[in-house]
Every structure is written in structure tokens, then in C-alpha cells.
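Comments concern the structure below.
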Amino acid sequence: MLIQEVENYAQQLATILQYFKQEADARKVGASIPIDALSDFMDDQGIDINPDIIKSLMNDPMIKNLVKSFDGNKITIDTVVEPTDDNMMDINGNDEVSKMAKRALKKRS
């Protein structure tokens, strides 16, 4: 993977995670994104992402500041509310991730 690809991955992922953080903070809930749904969305954007790539990006300050935990199956975002099973923003599938992420990327452009 080239350095430029790593930077692009980190920027794209940070933009999406930041959007979900803002949404969760506004709703005063936690947020957790399934890796499968995130991967499907990123594939549609021409970016191949998997748990190993995400793990390697965790050292990037942009990503590190947004992520509370990463267990290989989901990314739990560091929100103002302590995330629990009872107060999580419902992000279940590729369609929802795709819609929200596209809005995030449009705002960034």
C-alpha cells in the first residue's frame, strides 16, 4: 500500500467516523459501526478496507481521536455519551452507512 493510499484511507474513514460522531453526539447516544457495512460502503467508493487495514490506521491521530474501541467486527465511536447496549445509535447495514457516509463526504467537498 502506498503512503498516498494510507492517507486517503485515513481521511475517508475519519470523515465518515466524524459524521457518525456528530450525529450520535447530537442525539446524545453512543455509536457503533459494523465493519461489514463500512467495508461495503468503502468498496462502493473504490477503497478496499478490512479489519487489518483499520487496525493499521488506528495509529493515525485523525482516527485514534474518534475511536473508543475496535474489536475487529465493529468500531465504537468515542462520543460524549458513554455507549451502552441501551443507548446506541442504530447503524445496522450498508444502506444506512452508505446514505450517512455520502452525506458526510458531500459536506466535506
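Index from 1, following the sequence.
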Would you name the heavy atoms of [X] and [Y] that are closest together and state the gap between them?
X   : Y   : value
A10 : D60 : CB-OD2, 3.5 Å
G72 : P51 : O-CG, 3.5 Å
F70 : M58 : CB-CE, 3.7 Å
T79 : G30 : OG1-CA, 3.7 Å

Original post:
Which residues satisfy the side chain to side chain donor-acceptor pair (under 3.5 Å) test with D71, sequence neighbours excluded?
Top reply: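 Partners of D71 by the side chain to side chain donor-acceptor pair (under 3.5 Å) criterion, ordered by chain and then number, come out as K74.
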**OP:** Consider only side-chain heavy atoms of I, L, V, M, F, W and Y, link residues closer than 4.5 Å, and tell whether I75 and V80 are in one cluster.
**Re:**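 Result: no, two separate clusters.
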Measuring from [X]:[atom1] to [Y]:[atom2], what's the distance to the nearest 0.5 Å?
X   : Y   : atom1 : atom2 : result
L17 : T76 : CG    : OG1   : 11.0 Å
S32 : I77 : OG    : CD1   : 7.5 Å
I16 : I49 : CD1   : CD1   : 8.0 Å
D48 : S39 : CG    : OG    : 6.5 Å
Q12 : M62 : CD    : CE    : 10.0 Å
N50 : I35 : CG    : CD1   : 9.5 Å

Original post:
Which is it for I54 and V67 under the side-chain contact (heavy atoms from CB on, under 4.5 Å) test, yes or no, and what are the steps along the way?
Top reply: CA-CA 11 Å; I54 293 171; V67 174; over 6 Å; no
Original post:
Within a strict 4.5 Å, meaning less than it, do heavy atoms of the L66 and L13 side chains meet?
Top reply: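 Not in contact.
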Original post:
Do V29 and V81 have side chains that get closer than 4.5 Å, going by heavy atoms?
Top reply: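 No. Closest side-chain heavy atoms not under 4.5 Å.
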**OP:** Verify, without hydrogens or angle tests, whether K21 (side chain) and D78 (backbone) share a donor-acceptor contact under 3.5 angstrom.
**Re:**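 The answer is yes, because a donor-acceptor pair under 3.5 Å joins these two groups.
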